[in-house]
2 protein chains.
Amino acid sequence: MGYHHGDLRAALIRASFELLAESGLSRFSVAAVARRLKVSSAAPYRHFPDRAHLLSAVSATAAHDLREAMVAAVARNPDDGLAAAAGAYVRYVVGTGAGIHVIFAAELYEVADDCRRDQTRALMTTMLELSGSDVRLLEATLAVAHGYSSLVLEGFFTKDSVDDVVRRAADAARALQ
Amino acid sequence: MGYHHGDLRAALIRASFELLAESGLSRFSVAAVARRLKVSSAAPYRHFPDRAHLLSAVSATAAHDLREAMVAAVARNPDDGLAAAAGAYVRYVVGTGAGIHVIFAAELYEVADDCRRDQTRALMTTMLELSGSDVRLLEATLAVAHGYSSLVLEGFFTKDSVDDVVRRAADAARALQ
DNA sequence: GTCTATACTACGATAGAC
DNA sequence: GTCTATCGTAGTATAGAC
């Protein structure tokens, strides 16, 4: 194949995101990621011991980026933080396909990965702070945001722009308070 | 194998539900359903031309049963219909694993199946009526119900009883109105 | 660090016997 | 209507060459 990367590890994570955005978690595979990068199907195993650990690295990155997106959205809307965060969640997940079903995927439960643990904890902590430490409000807001994201990814809102859906999700989140 | 069924077709649909409830759509396969019923992996293909058509029959059954569950819940709570329906959605989906991600699965889009089409249309019509033909309210309520269901199936509420989660989902749905 | 090649598993689907 | 047997495909993962 004769293709060399400066940093295949990082490229694998990037390509994983592309695959998730295009086809979702159900179609994610190490082989498909390798194909996308035009490396052999064995190459990824030099950087990740197995499929679950690659997915774990994706989860950690998604948790980090999602948290950043939410924090930025709150900073832009200080009076409407939680709703803005819900909107940011929808925008991020619709764009990347990497929502809580990836970040907290059941197949990752027994994968020990300190980086992922740190990023997911930081994400949860931030979300809890945004909810004023109201766990019930947090879960309801997360349900709305995840629900809207899923409806988009499932193909329910084919003619609606992402901006519209983000707005409606934020409206729904606001109504919960 | 030497095992004979009176009605393998119906048994396949039932076993598919068991599989969905235990392992979710991602682990669903014709082979696994056949194993569960102790018939050969070829037997299902006498009753369904392919995997998608079996899943389509499951989708039709789920749409029918879910609609019935929602209608019954509304009848028990005439003053609080939409929230009760949202609670019934969560209860049904948590129990069966067959929510909108199964009923409206993308892999079924090009499967022609009049039965499924009728059942999914009836389900959507009923839900729209419950929302007073307010499409925005319907989508928000569905997002909440689907969101809570997903959080349960994803393992977020491990120590909470289903009844509790159903109540909280109904509370959240009520807040949207 | 990447390749080629391969073993193993699982699934979808079909052919032909009974 | 179900079986056994089989083919094709795809994915996970490993061994060994370079």
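Below, all heavy atoms of this structure are taken into account, side chains as well, without hydrogens, waters or symmetry copies. So you know, we letter chains A, B, ... as the sequences are listed, proteins then strands, and number each from 1. Predicted model, so just to flag it, every value in this text is computed and none were measured.
- What separates OH of Tyr45(A) from C1' of dA7(C) is a distance of 13 Å, to the nearest Å.
- Across the protein-nucleic acid pair, Leu8(A) atom CG and dG1(C) atom P stand 10 Å apart, rounded to whole Å.
- Salt-bridge check for Arg91(B) with Asp163(B): passed, with a basic side-chain N closer than 4.0 Å to an acidic carboxylate O.
- You'll find that the side chain of Ala43(A) is closest to dC3(C), out of dC3(D), dA13(C), dC3(C).
- Residue pairs satisfying the ring-ring contact (aromatic ring centres under 6.0 Å, His included) criterion with at least one member in residues 102-122 of chain A, sequence neighbours excluded, are listed as follows: Phe104(A)-Phe156(B).
- Applying the side chain to side chain donor-acceptor pair (under 3.5 Å) rule to Glu22(A) yields the partners Arg36(A); only residues at least two apart in sequence or on another chain are considered.
- Computed from coordinates, the Lys38(A) NZ to dG1(C) P distance equals 23 Å when rounded to whole Å.
- By the side chain to side chain donor-acceptor pair (under 3.5 Å) test, Glu107(A) is found to be paired with Arg51(A), residues two or more places apart in sequence or in another chain being considered.
- A heavy-atom distance below 4.0 Å to DNA chain D is reached by these residues of residues 49-56 of chain A, ordered by number: Asp50(A), Arg51(A).
- Partners of Ser56(A) under the side chain to side chain donor-acceptor pair (under 3.5 Å) rule, at least two apart in sequence or in another chain, are Asp113(A), Arg116(A).
- Looking at heavy-atom distances under 4.0 Å, Ala42(A) makes contact with a base.
- Note on Val71(A) and Val166(A): separate hydrophobic clusters, where clusters join Ile, Leu, Val, Met, Phe, Trp and Tyr whose side-chain heavy atoms are under 4.5 Å apart, directly or indirectly.
- For the segment residues 14-33 of chain A, residues with any heavy atom less than 4.0 angstrom from an atom of DNA chain D are, sorted by number, Ser29(A), Val30(A), Ala31(A).
- In this structure, Glu68(A) has no salt bridge (charged side-chain N to carboxylate O under 4.0 Å, His left out) partners at least two apart in sequence or on a different chain.
- Gln119(B) pairs by the side chain to side chain donor-acceptor pair (under 3.5 Å) definition with nothing, not counting sequence neighbours.
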Side-chain donor-acceptor pairs under 3.5 Å in residues 75-88 of chain B, sequence neighbours left out?
| residue | atom | partner | partner atom | Å |
| --- | --- | --- | --- | --- |
| Asn77(B) | ND2 | Ala73(B) | O | 3.1 |
| Asp80(B) | OD1 | Arg174(B) | NE | 3.0 |
| Asp80(B) | OD2 | Arg174(B) | NE | 3.1 |
| Asp80(B) | OD2 | Arg174(B) | NH2 | 2.7 |

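- Taking atom CZ of Arg9(B) as the reference point, atom C1' of dG1(D) lies 15 Å away to the nearest angstrom.
- Atoms CZ (Arg35(B)) and P (dT9(C)) sit 13 Å apart, rounded to a whole Å.
- Out of dG16(C), dT14(C), dG16(D), the shortest distance to the side chain of Arg46(A) is found at dG16(D).
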